[in-house]
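Numbering of residues begins at 1 and proceeds along the displayed sequence.
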Amino acid sequence: MRAAGRSVRARLRDRIAASDPGLLRLTAGLRTVGAIALTLAVLTALGADVHLLVAGAMAAMVATFAIREKQLGAQAVTLALGLPVALVSVTLGAVLNARLYVGDVFFVVLIFCAVYGRRFGDRGTALGLIGFQVYFLSLFVGAEVSALPTLCGAIAVAFCSSALLRFAVVPATPTGVLLRLRLAFRARLAQLVSAQLDLLDAAPDEMDKALEAVRDGTARLHETAMMIQAQLEEGTPDESAARLVQRRIADAEIAAERLGLLLLTSRSAERADTLTLHLPGAPAPSVGQPAVPDETTATLRRDLQALRALVLRAGSGDSGTALAHVRNRLLGYRDEENLPSAPAAVQDVFRGIGEAARSVLGLRIALDGPQDESDDTPSTARSREELDAEDAAIDGGEEPAEEQETGLRRPTTRAAVQVAVGSTLAIVGGELLSTQRWYWAVLTCWIVFLNTASTGEILVKGYRRLLGTVFGVVAGIVLAGLVGQHTWTAFGLVLVLIFAMFYVAPLSYTLMSFFVTAMLGLLYTLLHTYSLDVLLLRVEETALGAACGVIAAALVLPVRTDRRTNELLGTVLDRLAEVTEAAVGQLSGGPADELLDKARDLDQALADLRAATQPLTHPVTPLRARRHTARYVVALLETCAYHARTLAATAELLPTHPSIAADPRLRGAAGRTVRNIETIAARVADEHAAARVETGPSIASLLGSDAGTPRYGRITDRVLRHLERLDEAVVGLARPLGVPMAEPRA
């Protein structure tokens with residue numbers, strides 16, 4: 001019974017960890033709600049009225065979500081600096097509230113300074129956010145000079161409550177966050193193996209659905225790997241430990257993605273195109289592979305289930321003979337042990353399971369230290385020796401500093417000017433709509449500029465905020481009618497809505513706006529200013545603020561979506577060329593390079609591009625052809641990144657694996673691929689560039705190898721396959737990007 005209870009708890013823990021990596025959303029929601037609840041409790045005990053309760057709740061929310069540093073010491077300094085900034089801001093708000101023009105001018109200046117402060121990092125961003133939001137708070141509650149002492153006291157209580165929740169009740173250290181992210185990576189890896197199991201068993205008419213689940217699982221695993229990468233520096237004791245974890249995470253991610261490709265190939269009539277795993281909506285290849293004996297399929301299913309169990313139990317501290325037996329059997333496939341009689345594509349799947357098991361073993365050693373080796377078979381011992389040799393070869397290196405833009409070209413300066421102009425328009429238009437609640441238009445204008453970099457991104461964000469606000473107004477009307485004047489019931493619902501707002505914020509901006517607006521309906525009820533006209537006015541002010549933001553972004557120092565995406569596309573191509581050239585150079589016998597760092601830089605550049613193309617791929621965009629082209633280009637680049645990442649990981653094995661030898665011919669054979677990447681990058685930067693993409697014989701033939709009868713070992717042959725797929729994907733980029741093709745050489 002106890003074992004069953006532990007099993008249920010473990011499954012629930014894994015499900016939560018996978019759905020919320022690092023428990024970042026849960027922590028943010030609990031910390032914010034706890035700070036607000038504690039503030040309300042203290043203020044109520046002190047006999048504060050409803051206006052002070054609302055002000056304290058809003059100040060606690062701001063003090064909690066504004067802080068973004070990772071180290072607790074830095075958070076404490078920022079929070080300590082934030083309190084005087086908040087007190088000065090609310091004081092100026094109360095003093096200037098009655099002075100129409102002076103107050104408006106100061107608000108615009110404050111907005112400019114708050115946005116410009118982002119150039120000073122997380123602390124500058126936090127202090128700017130606190131200054132703006134507390135000034136907005138003073139307008140919302142109608143702060144007056146006579147009430148400043150009690151209002152400042154409520155804000156001080158809110159900051160103290162936020163500090164108590166942050167540092168004592170719900171602390172989040174970089175080490176703890178990294179530990180939870182590792183658990184999330186393990187849970188998502190197990191979910192991906194489960195999706196691959198479903199792909200193995202899917203009927204022909206269910207292949208598309210099963211493939212989509214594998215795509216989603218692969219993307220979620222990659223997302224978690226990127227989150228771990230962001231936490232490594234602060235969450236590990238030294239740089240060598242960080243690089244070791246980085247390497248093992250990369251190995252597991254690559255092995256899992258490759259296993260999915262091998263499974264897809266085993267189910268299809270021909271080798272699966274890597275693009276199929278990266279292009280949303282791409283149909284699954286037809287199932288036409290010759291029938292595999294039932295016992296082989298049963299063995300494959302059993303081994304995938306065993307791999308999933310191995311993943312789930314890795315890092316749990318669980319060990320034993322049964323687990324060692326499973327691990328040894330799977331690792332044996334790497335050395336051709338007990339491979340069943342089956343088509344080559346199916347045998348490749350078993351080998352892929354062996355590689356995945358090795359990556360899980362490496363991950364466990366890196367995260368949990370040395371393991372019990374008493375039950376090792378010779379193949380397992382060899383895997384350990386390989387991993388130990390790789391670990392010893394890992395060393396840290398410094399990354400070169402990137403050149404920073406200056407003047408109005410600096411993103412923070414440009415955004416500050418844009419939002420100041422947009423806010424000025426919002427103030428003028430907002431006061432024409434309402435002399436009492438014009439600040440809602442300013443708030444929307446401010447928010448649509450947060451974390452956006454192009455006119456298209458601002459337009460999409462404004463649309464999502466307006467949509468969430470419209471539905472939130474409906475919810476606010478319903479909730480206000482149900483709650484009436486029941487103060488504590490309303491505050492309880494406010495806490496629920498705030499938790500929901502923070503929990504869904506990274507997932508859906510529309511949902512976040514919905515919960516914010518519903519919460520405001522309750523706050524208006526508490527302040528006895530609720531009416532249907534007030535909520536409808538909020539919709540009008542929101543639409544006005546979004547429109548002012550879009551107008552300012554389009555007319556003042558504009559960054560067109562095309563320009564933004566082209567810049568990021570050029571960055572991705574530059575990073576791709578760097579990774580490919582460095583990996584091929586090392587595989588050709590050149591000096592060691594920081595390949596995994598370069599690969600992660602490529603992944604980050606690709607993530608930035610994916611976010612920037614959202615205005616082009618949004619469902620409401622009227623330009624369907626551009627939408628399909630953007631999705632296709634991003635999918636091709638993800639395919640290129642996968643092959644380049646795999647080449648980089650393989651190249652780093654060279655110093656430690658006797659089965660992998662450098663081949664000087666690779667540099668010459670892969671030179672065409674690197675030149676093509678640079679040609680496409682040049683064409684993206686200048687559409688009049690005259691260079692053309694080269695085509696010609698396959699890389700295998702350039703090396704004197706026939707893909708059907710490889711002259712090299714299995715890993716070297718894999719290098720050739722990845723180089724060929726990368727070459728094909730790069731050539732495939734030429735057509736959608738309008739890069740001309742050169743005539744094939746004779």
Side-chain angles (χ1 to χ4, degrees), residues 20-39 42 56 59-89 113-134 152 155-184 226-246 367 396 398-399 401 404 412 450-451 502 505-506 604:
D20 181 14
L23 301 183
L24 299 179
R25 291 185 284 124
L26 180 64
T27 300
L30 290 177
R31 185 185 288 158
T32 305
V33 168
I36 294 173
L38 181 59
T39 301
V42 172
M61 182 172 66
V62 172
T64 304
F65 78 76
I67 312 291
R68 285 290 181 265
E69 283 108 335
K70 296 174 183 176
Q71 297 290 351
L72 292 180
Q75 294 175 15
V77 171
T78 302
L79 194 60
L81 293 174
L83 179 57
V85 169
L87 297 180
V88 170
S89 184
C113 294
V115 176
Y116 186 78
R118 297 183 205 169
R119 66 168 296 193
F120 302 107
D122 290 336
R123 181 164 296 159
T125 302
L127 295 179
L129 191 58
I130 290 171
F132 170 83
Q133 293 286 2
V134 173
C152 289
I155 292 175
V157 169
F159 270 73
C160 292
S161 299
S162 176
L164 183 62
L165 264 292
R166 177 178 294 275
F167 301 118
V169 181
V170 192
T173 63
T175 303
V177 171
L178 182 59
L179 175 61
R180 292 193 293 271
L181 284 173
R182 285 159 32 185
L183 294 175
M226 294 293 293
M227 295 172 72
I228 290 175
Q229 174 73 13
Q231 291 287 337
L232 281 177
E233 184 176 348
E234 292 84 5
T236 49
D238 54 57
E239 191 170 357
S240 293
R243 288 185 58 77
L244 177 59
V245 174
Q246 177 190 23
L367 300 181
E398 296 185 0
E399 298 181 8
Q404 299 293 326
T412 50
L450 293 178
N451 301 318
F502 279 92
Q604 186 58 59

Arg123-Thr78 side chain donor-acceptor pair, cut-off 3.5 Å: yes

pair Ile228-Leu178: side-chain heavy atoms closer than 4.5 Å: yes

Minimum side-chain heavy-atom gap Arg166-Pro171 below 4.5 Å: no

Residues Arg25 and Asp20 bridged, charged N to O under 4.0 Å: yes

Atom pair CZ (Phe159) and OG1 (Thr64), whose distance is rounded to the nearest 0.5 Å: 9.0 Å

Arg68 versus Phe65, closest heavy-atom pair with distance: NH1-O, 2.5 Å

Exercise: identify the closest heavy-atom pair between Ser161 and Ala35: CB-O, 3.7 Å

Distance in Å, Leu38 CG paired with Ser162 OG, rounded so as to fall on 0.5 Å steps: 10.0 Å

Heavy-atom check, side chain of Arg31 versus side chain of Phe502, under 4.5 Å: no

Straight-line distance of Leu129 CG to Arg118 CZ, nearest 0.5 Å: 9.0 Å

Partner of Val62 by side chain to side chain contact (heavy atoms under 4.5 Å, CB included), out of Ile155, Ile67, Ile130, Thr32: Ile130

Rounded distance [0.5 Å steps], NZ in Lys70 versus OG1 in Thr173: 13.0 Å

Check: Val85 main-chain N/O paired with Ser89 side-chain donor or acceptor under 3.5 Å: no

Euclidean distance, Leu165 CG relative to Ile36 CD1, rounded to 0.5 Å: 10.0 Å

Close side-chain approach of Leu24 and Met227, heavy atoms under 4.5 Å: yes

Reported CD-to-CG distance for the pair Gln229 and Leu181, which is rounded to 0.5 angstrom: 12.0 Å

